[in-house]
Amino acid sequence: MLPSREVRRYNPRILFSGEIWATMEQPIYLDSHSTTSCDPRVIDVMLPMFHESFGNAASRTHTFGWAAEAHVEQARGNVARLIGGDPSEIVFTSGATESNNLAVRGVADAYSRKGRHLVTCATEHPSVLDSFHRLERSGWTTTILPVNSKGHFDIDALEQALNRETVLVSLMYANNETGVVNPVEKAGHLCHERGILFHCDATQAAAWLPIDVEKMQIDLLSLTAHKMYGPKGAGALYVRRRSPRVRLTPLIDGGGHEKGMRSGTLNTAGIAGFGEAARIAVEEKADDSERVRILRDRLADGILKGLKDAWINGDMETRLPNNLNLALGNVNGEALPGHMRELAVSSGSACSSALPHPSHVLKAMGLDDELAHSSIRFGLHRFTTDEDISTAIEVTLRAVSTLREQDPHPPPHKDHRP
Ligand SMILES: *Cc1c(COP(=O)(O)O)cnc(C)c1O
């Protein structure tokens with residue numbers, strides 16, 4: 001585990017100057033479902049890749065190429081170890097968006113003669129849902145499982161959705177907005193009993209929960225480095241090679257890198273950093289989870305004890321240890337971020353094409369637009385401190401009571417509690 005001095009050092013707003021720790025006028029970073037800062041140990045591994053080991057990992061004729069390749073293979077081993085796979089089953093990509101597209105569209109193309117039906121869930125990441133929608137436009141049938149108010153799909157509904165035409169089921173391990181954890185092992189077994197391939201987007205779980213592709217019967221699994229203290233632009237897709245051997249049509253053709261599944265010169269620095277992040281996760285995620293869960297629970301208690309009309313979005317029992325997602329009633333959601341400037345958090349509105357629209361995840365759980373807009377997501381991380389949590393409680397309580405006094409919002413929403 002990082003010594004607490006190092007935890008403080010790499011908290012983005014705490015500076016060590018001479019003898020004292022000083023807090024910068026920077027918000028407290030609590031948005032780690034969007035991205036995390038790089039762990040200092042990751043940066044140490046990456047920097048030499050830009051000037052010493054800068055070779056092209058595909059260059060076979062000199063030491064620069066061999067050194068780069070050695071770093072890539074070491075990283076491949078560490079990523080494989082993180083998920084219980086074999087290094088030969090790891091395909092490096094640019095991140096989880098690409099991995100999800102490659103898994104869904106690549107499998108669909110390679111298996112379209114078996115059948116043309118796919119299954120996923122309403123709360124998946126847009127890179128899975130939009131891949132499904134693209135396939136629907138070219139004639140595929142899809143089942144998009146609904147979720148209940150706690151964010152869970154019904155496992156019986158999954159079973160009933162499977163038929164002889166079903167080629168692939170894609171379900172995430174943990175949700176990026178609510179942190180709700182899916183029963184992936186059960187889903188994996190249901191699929192394998194029927195000879196159906198199972199893809200799991202484990203992007204959010206990788207830094208916190210155990211992953212074992214054998215035990216969980218996962219055939220394809222997506223990861224990204226930048227949600228586990230690695231750099232942006234590096235990710236991986238695990239592709240099972242034995243029982244069954246999964247076939248994939250690549251999205252990107254070219255020099256045949258990554259066993260032909262993903263051509264293009266490898267992002268060696270990013271991959272080396274990803275490998276180090278994976279190595280650290282294997283060693284430290286159990287400790288990180290335990291420590292951060294306590295902080296998260298204190299955050300939840302502190303806010304909920306001090307506020308009326310505030311509810312937790314999603315099941316608190318099966319949830320990532322670093323996530324808290326709160327619905328705040330009687331608050332003008334648009335004004336909320338402006339009153340919480342000391343905190344870097346996300347709201348329940350996603351901004352695409354300039355227009356904020358309510359989160360599809362919260363809507364799928366039955367929240368109305370109003371309550372989705374006035375929801376906030378806290379994402380804690382390895383470098384979160386006790387002081388961060390005290391400030392976060394204070395700021396949130398103050399912001400909500402100020403807003404409720406200033407702008408006593410009528411309560412238009414129905415109580416969404418289950
Ligand atoms: C962030 C995220 C992605 C996309 O990953 P990128 O590497 O940013 O493309 C996919 N799935 C989940 C669950 C995520 O949280």
Heavy-atom side-chain contact between [X] and [Y] under 4.5 Å:
X	Y	answer
F132	S170	yes
F383	T36	no
L171	C200	no
Q217	E185	no
D31	V345	no
H360	K363	no
P250	E258	no
S32	K227	no

Identify the heavy atoms of H71 and S53 that sit nearest to each other, and give their distance.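 Looking at all heavy atoms of both residues, the shortest contact is NE2-OG, 3.4 Å.
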
Does [Y] offer a backbone N or O that forms a donor-acceptor pair with the side chain of [X] under 3.5 Å?
X	Y	value
H339	V395	no
E124	M172	yes
T93	G95	yes
N322	V292	no
N325	E177	yes
S99	A236	yes
R382	D288	no
K259	V91	no
D86	E89	no

Is the W208 ring parallel, tilted or perpendicular to the Y229 ring (thresholds 30°, 60°)? perpendicular

Is the [atom1] atom of [X] crowded by more than 12 outside heavy atoms at less than 6.0 Å?
X	atom1	value
E342	CD	yes
E193	CD	yes
R137	CZ	yes

Under the criterion side chain to side chain contact (heavy atoms under 4.5 Å, CB included), which of V282, I90, I218, D212 is the partner of I83? I90

Verify side chain to side chain contact (heavy atoms under 4.5 Å, CB included) between M216 and V184, making sure each step is shown before the conclusion. CA-CA 6 Å; M216 297 171 166; V184 282; 4.0 Å; yes

Under a 4.0 Å threshold between the charged nitrogen and the carboxylate oxygen, would [Y] count as salt-bridged to [X]?
X	Y	value
R194	E159	yes
E317	K150	no
R76	E69	no
R81	E283	no
E394	R398	no

If we ignore angles and hydrogens, is there a donor and acceptor under 3.5 Å between the side chains of H152 and T318?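 Indeed, the side chains of H152 and T318 share at least one donor-acceptor pair under 3.5 Å.
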
Distance alone, cut at 3.5 Å: any donor-acceptor contact between the side chains of H192 and D219?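 Side chains of H192 and D219: pair found under 3.5 Å.
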
Are L362 and T178 close enough, and set up right, to give a side chain to side chain contact (heavy atoms under 4.5 Å, CB included), and what steps lead you there? CA-CA 8 Å; L362 300 180; T178 58; 4.1 Å; yes

Run the side chain to side chain contact (heavy atoms under 4.5 Å, CB included) check on N101 and S127 step by step: do they pass? CA-CA 6 Å; N101 273 266; S127 53; 4.0 Å; yes

For F378, is the NZ or CZ atom of R296 found under 6.0 angstrom from the centre of its six-membered ring and inside 45 degrees of the ring axis? no

Decide whether a cation-pi geometry holds between R247 and Y111; the criteria are a distance under 6.0 Å from NZ or CZ to the six-membered ring centre and an angle within 45° of the ring axis. yes

Under the side chain to side chain contact (heavy atoms under 4.5 Å, CB included) test, which residues partner A277, sequence neighbours left out?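 So A277 forms a side chain to side chain contact (heavy atoms under 4.5 Å, CB included) with V42, M228.
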
